[in-house]
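Below is one structure, written out as C-alpha cells, with a few remarks after it.
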Amino acid sequence: AQTNAPLLPKVPPGTVLTIGDPVTQKALEVSGLIKELSFEVKWANISGGPQTSEAFRAKALDVGSVAEIPSIFANWNNLPVRNIAYRERRDPIANPIYRFGVAPGAGIKTLADFRGKRIAFSPGQAQGALVLRALHAAGLKKSDVTLVELPSTGDVYPKALASKQVDVAPLGGVYIRRYIAQYGGDGATLVEHGLRDDPGHLYAPQWVLDDPAKAAALAEYVGLWARATEWVNKNPEIWIKEYYVGQQGLSQDDGEYLVKLTGEQVVSGDWSEVKKRHQETINLLAAELGYKPFDVEKIFDNRFEKTASAALAKSQ
Amino acid sequence: MATIWDADEVKSSRPSSRESAHTVPAVARPRTSRSRRRLGPGPAIPFGLQIGPALLVLLWVAGSALGWIDPRILSAPWTVVEAFGRLIEQGRLQDNFVTSATRALLGLSIGLVIGTILAVTAGLSRIGEALIDGPVQIKRAIPTLALIPLLILWFGIGEGMKVTTIALAVIIPIYIHTHNALRGIDSRYVELAETLRMSQKDFIFQVVLPGALPGFLLGLRFAVTLCWVSLVVVEQINATSGLGYMIDLARNYGQTDVILVGLVVYVMLGLVSDGLVRLLERRVLSWRRTLAN
Amino acid sequence: MATIWDADEVKSSRPSSRESAHTVPAVARPRTSRSRRRLGPGPAIPFGLQIGPALLVLLWVAGSALGWIDPRILSAPWTVVEAFGRLIEQGRLQDNFVTSATRALLGLSIGLVIGTILAVTAGLSRIGEALIDGPVQIKRAIPTLALIPLLILWFGIGEGMKVTTIALAVIIPIYIHTHNALRGIDSRYVELAETLRMSQKDFIFQVVLPGALPGFLLGLRFAVTLCWVSLVVVEQINATSGLGYMIDLARNYGQTDVILVGLVVYVMLGLVSDGLVRLLERRVLSWRRTLAN
Amino acid sequence: MAPHSSQLKSASRAVHVRNLMRRFATKTILDRVDLDIAEGEFVALLGRSGSGKSTFLKALAGLDHDVQGTGTLETPENLSVVFQDARLLPWRTVIQNVTLGLPGPAGQEAGRKALAEVGLEGREAAWPNQLSGGEQQRVALARSLVRQPSLLLADEPFGALDALTRLKMHDLLRELCARHRPAVLLVTHDVDEAISLADRILVLDEGHLIEDLRIDLPTPRDHGDPRFAKIRTQLLSRLGVETPGRRAA
Amino acid sequence: MAPHSSQLKSASRAVHVRNLMRRFATKTILDRVDLDIAEGEFVALLGRSGSGKSTFLKALAGLDHDVQGTGTLETPENLSVVFQDARLLPWRTVIQNVTLGLPGPAGQEAGRKALAEVGLEGREAAWPNQLSGGEQQRVALARSLVRQPSLLLADEPFGALDALTRLKMHDLLRELCARHRPAVLLVTHDVDEAISLADRILVLDEGHLIEDLRIDLPTPRDHGDPRFAKIRTQLLSRLGVETPGRRAA
Ligand SMILES: Nc1ncnc2c1ncn2[C@@H]1O[C@H](COP(=O)(O)OP(=O)(O)OP(=O)(O)O)[C@@H](O)[C@H]1O
Ligand SMILES: Nc1ncnc2c1ncn2[C@@H]1O[C@H](COP(=O)(O)OP(=O)(O)OP(=O)(O)O)[C@@H](O)[C@H]1O
Ligand SMILES: [Mg+2]
Ligand SMILES: [Mg+2]
C-alpha cells in the first residue's frame, strides 16, 4: 500500500468518485458548497457499516461515512479500508449518541447493575461494541450478563424493552425520547454510559486510496465535508427545515430534538487521541470475539490527518 | 349366467330410500332448490373475499376506539388515516409510490417473460431442463437477504440491481408454476397434437401454453405480490425514494404511523394485484367447469 | 346429402404424404424409434436435474482457478471448503444445523397442518373462504421483515416466535396451492360424488384431497424451501445458533467465506428438500399420464 | 302421452316430473316435460344426439344447480347414475372407484363381486387410465349397480361394448332388476337394445317426449318376432330413419 | 389370414405391419400381428372389449412410445386419428379444435364447412364441455376429416350417435372416401355398421387377427340381403355371439 505517496495538489480531470454519505450530500446542497466540487460525483444513498462494506467489495462505492466499528471489522475480514477523516462531538460525554434504555421494573441505575441482566446485543454494529465497552467499564465479563442477539434496526429495541424481552438495550436518536415518553409511565428509565461513542469517520477501501486521482478527489471531498459540518453547526434552523423535515419527513419537533441531541460536531486535526481509543476498542473486540488484534495504524491514512482542519482554516 | 352379488350389509348402513319433493314456482329464474345435497362450496357470496379484510379493519377500529389496542403497539386507524393525509398532502406518498411502481412493474414484466420462456424451454426439452431447472432451484433455496451482497457484486447498487432483484424474485414462481403445469398436461392431448402434425409453434401456443394457463396464473398471483414485497429488501440499498425506502426511513425514526401507512399500502397493493389476477383467471379460464362454479 | 368441403389450399401447405419405415430388431426391449415426431420432452436424462448445479460448481472452480473471479468478491471453492472444514471441526456447523433443522421442521409441520385445514375449509365453504382467504392474502402481501416487530410484540423473542414465524410463512403456499387445486377439481367428479351420497368425510378424503394432491405437492415444494429460507429472518432475533444466525453474523462482520458456507448449505438443503418432494410426487401421482412421462 | 303415466299413485311411483323446463342461454332443451315412472318400471329413452337426454337425466339426478329452469321433481333419495362418460376418479384404483363411499369390508366384498360380474376380475388394482374404453364403462356400471338403487339413471351405459359383452351386461341388468326391482331410466341409441330390455320406451325430440310406448312383448324377446320388427320400424321413423331394409344407405 | 393381405406391392399399400407385438407388464395384447392395408381400402376392425383394438390403432399411429413391444411398421406420414374419447382440447373452442394447426383463413373456412357437415353449424364458438356426448364425437370426426388424411384411423367414431345421425355420418364418410380415397381402419362394435361400410373386416382376439373377411356385396348394401345376414352371423359367432334371432337373450 502506497499510503506514503503524497497526495496530488489538484484532482486530475475525468476523475469520478462514488460517495455514500447522504447527510453530507444534503448539507453540501443546502449550503451551496456542492458547487465547489471540481470532479464528478455519483451520490449513493448508502449508510451503515455492513452495507457500505458490501458496496466497497462490489467496487460500487469509493467512500462511506460511518462510526468507528466498520473499518475494524472490514480489516478483520479481508477488506482493507482506512479512515480518512474524523469528527467528534463538542461535549461527548454530555452528548452521547446512545443511551441505555432500561425495561420497566428492571431496577437498573448504573452500569454495575447490568450484572445478571439480559442485554440486547447486535454484534458487528456500533451498539454491540458499546455494550461490550460498557461491560468492560463496569468491570463485568460477557459471562456476567445474558447477551440477547437482536438486530438494532428500527424499533426492535424499544419494542423488546417495552415487552420486557430484554432488560437493557442501547437506544439512539428519537427512540431515546420516544421510549421514555411512551413507557416512562410504566417505569421505563435511561442509564447514561459515560463512554465516548461519538466518533464519525469517512473511510475508503485501500484500492481507492492507491489510485492517485481518486485519492486527490477524496482529499478535496474531506475538505468540503469539514466545511459542511461547520455549516450545519452554524445553521441549525435551515438544517432542521431542509434535512429533518424536508427530506427525512420528521416533525419540526423531532428535528429540533435531534439537533440538540447531537450538539456541535467538531473536526479534529489531531488523530492521536482517537487512535488510542480505537486501539483499545480493537483489543477489546479481539479479546471478546476471538479475533487477532492489529495495529491501529492499519486503518488510518495519515496523509489525510490535516486535510479537514486545513480546509476549515482556509475557508475562514 | 350372472350370480348376483349381495350387498345387503352395505345397503343397511345407508339411509333408507325415501322421497324428496320440491317445487319451483317462479318461471325463468335460476333454479336453486334441489333434491340432492350439494358438496361443492355453493354459489359465491357477493364481495365474499372482501369480508375477511373488512372484519379485520373493523376489529382494528373497534379495538382502538375501545382502548383494547395499545396505541403504542398499534397506532389507531385514525392516526394512520391522518398520516395518510399528511403524506399525500406533502406529495411524498405519491412520489414514493410512482418510484416503487416503476421498479416493481418493470421487474415483474421482465421476470414474467424470462420465467415463461425458461419454463417452456425446460418443460419441452430434457436438455433445457437439465441446464435450467437446477439453477432455478438454487436461486430459490437462497434467501434474498443473503443474496443481496452477491447481487450488489454483480449488478452494482443502481436501478439495474433493484429491477434485476425483483425480476429474479418473480422468475421463480412463474417458472415453477408454469413448468409444473406444463409437465402436468394430460398426455392424451400431447398424443392428439402429435397426430395432427402440429408445428412446434402451434403446439406451444395451442396446446402447451393454454393447457398450462391455470398453473401460470397461480404463479402470476405469487409474482404480483412478490414484486411489491421485494421492494422492502431492494429499497434498503441506495434508494432515495420508494415505498420500501419510506418504511425503512420511518423505522429508523420510529414513526409508527408512517410504517403502518406503508403496510396498509402494501396490503392494498397486494389485495388489488391478487384480485386483478383472479379476475383475469375467471375470464380466461371460463372454459373450466370446476368445484368453484 | 353431403357437400364435401374442399380443403386443397390447406393440404398444399402441409408436407406431402410420404412413407416412413422403421424396424426394431431386438425383442422385449422398450421400443424407442418411431415414425411420429414426439412433441413431449422425451425420456428423462439420468441425473438430468443434477447437471445444471454441477455445471455451476464447475464454473466456480474453473473461474477461481484461472483467476477470473476476484477472491475478494467471491471466495474460491477451496477457501469455502476450508471454512467448511473449520466450521465442522469447531462443531459450529453441526450445532447450527441441528438448531435450525429443529426450528424449520417444527414450523413446517405446524404450517402444513394448519395450511391444509384452512385450505379445505375455505375451499368447501363460502363462509370459510370469506373469513380465511382475505387474511391469508393480507399476510402474503406484507413483507416478513416488516412483520417482525409485530411478531415480537405478540410472540416474544423466544423459540415460540421463531417457529410461529416459520409456520406462518409455510401456511401461505400450502393454503394457496391447496385451495387453488381444490377449487380446480373438475365439477364432473363433484357431481359424481353427489350422486354417490358420500359423507362429507369421504368426499374430502376420496375426492377433494387426492384430487388436489398435485397442487398440494407443488405448495409443499415451496414450503420446504421456505422453511429453510425463513431462518435467515427469524434467526436475526435472539438466536445464538442456527444457520441463519451464522450467516447474519458473518454478514455483519463481512466474513465472505462463512457466508458462502451458509449459502452452500442452504442450496444443498433446498435441493434435497425439493428433490424429496419431487420423488414423493412421482410416487403418489403415479396414476397420472402427463407430458412428463 | 299415454294416460297411465299421470295416474300412478304417489306411493307407487319412483319418478314424478311436471312441467320440467331447462334451457341453456336462449336454447330451450326441455320444454314443460311431464313424466311418471312406476317403481320397478324399466324405461328406455331414445332421442337424437343433442336432443337433451343427458340434460334430462342430470335434472332427474338433481345435478343441474347451474342450469336455468323450473318444474316439479320427485325422485327417490337412493338413486344411482351411470354417466355418459365413465367418470372414474383417475386418482383412485378400479376397486376404490367401485366402492367409493361404501363402508368397511362388506363394501369391499360387494365391490369385488360387482367387478367380477362385469368381467373385470383381477383388475381391481388397476388405474382407470390403464383400462380400455369398454372396461371403464363396465367399472362405472359396476359402481352404480353395487349400490342397489331405487332409481337407476343410465346414460348409454353399453355404448362402448362389443356385441357379446353387451349381451352379458343386458343379462346382468335384467337379473338385478328382477331381484331388487329398481326403476330404470336407460338412455340408449340402440333401438333393438331398448326394445329387448324396456317395459316402456320414450322418444325425446325438440324438448318434448314425442313418443311413450309400452312394450308388451313376452320376455325373452326374439329379434325375429314380427311385432319386434314393427315396434322397431315405428321407433326408427320417430327418430327420422325411414326403413325398409332397416339401415339402407 | 387371407392371402391377399401380404401380397400388396409396397407402392400401393398404405399400411404394412409385420410381427407387431405389444404388451403391458406381463400381458401380451398384440402377438406377432401382420397386416397390410391397400391405399384406398376401407377396413373395419371388430373385437371384444379389451381385446386390444385401441392398442393396435395407437401403435399404427406411432403413439405408444411408452409401451413395450417390437415389430415393423410402415404407415403414411399423413394419417389422422379419431380417438375413442373425443379428445377435444377443453381450452379451445369447437372451431379452434377442428382447425388445430391448420394455417390461415383457408383452414378456418374448411373447418367451418366440416362442422356444418357433421351437423354442428352455429356451434363454432362453443366450448367442448358445452356439447353433448354425440356432438363432441362429431367435432372429433370433423377434425380428422378436414385434414384429408391418406390413412384414417377411427376408434368407434360413431359410438355415441343415434341411428339417424349415424347414417348421415356414414354417408359423409363414404363420400369422403370416394373423393380422396384414404385408407381407413375403423374400429366399431356394430357388426351391421362394419358390413355396410367396409371392404374388409378383421376380428381381433387374444392378440391375433382371427378373421380377415373381404366383403364383396354391392353398395349400397341392403341389411335385408341374405348374404348380409350370413356375414353378420359369421362375424357374430367369431365374436362369441350365437344367433339365430340375432340378439336373443
Ligand atoms: N353447458 C352447456 N351450455 C350450453 N349448451 C349446452 C350445455 N350442455 C349441453 N348443451 C346443449 O344442450 C343440448 C342437449 O344436450 P344433451 O347433452 O342433453 O344431449 P343428449 O341428448 O344427451 O345428446 P347425446 O346423445 O349426443 O349425448 C345439446 O345441443 C348441447 O349442445
Ligand atoms: N396403460 C395400460 N396399462 C396396462 N394395461 C393396459 C393399459 N392400456 C390398456 N391396457 C389393457 O390392454 C387391453 C387392451 O386395451 P385396448 O384399449 O386396446 O382395448 P380395446 O380393444 O380398445 O377395448 P374397448 O373396445 O373396450 O375399447 C385391455 O385389457 C386394457 O386393460
Ligand atoms: Mg348425452
Ligand atoms: Mg378401445
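Owing to the predicted nature of the structure, the values given are computational and were not obtained by experimental measurement. Reminder, nothing fancy here: chain letters follow the sequence lines and each chain counts from 1.
- No part of E/S54 comes within reach of chain D, as not one of its non-hydrogen atoms sits under 4.5 angstrom from that chain.
- Not counting sequence neighbours, the partners of D/D225 by the salt bridge (Lys or Arg N to Asp or Glu O under 4.0 Å) test are D/R227.
- We find the OG-CG distance between D/S51 and D/L239 to be 8.5 Å, quoted to the nearest 0.5 Å.
- Counting only residues at least two apart or in different chains, salt bridge (charged side-chain N to carboxylate O under 4.0 Å, His left out) contacts with residues 120-133 of chain D comprise D/R123-D/E135.
- If you tally non-hydrogen atom pairs under 4.5 Å between each of D/S132, D/S49, D/A160 and chain E, the highest count goes to D/S49.
- In this pair, E/H223 and E/F228 present their aromatic rings parallel. The plane angle is below 30°, not in the 30 to 60° band.
- Proximity to chain D among residues 84-92 of chain E is limited to E/Q84, judged by heavy-atom separations below 4.5 angstrom.
- Under a 4.0 Å N-O distance rule, the pair D/R174/D/D171 qualifies as a salt bridge.
- A salt bridge links E/D190 and E/R166; the closest N-O separation between the charged side-chain nitrogens and carboxylate oxygens is under 4.0 Å.
- By the salt bridge (Lys or Arg N to Asp or Glu O under 4.0 Å) test, E/R238 pairs with E/E211, sequence neighbours left out.
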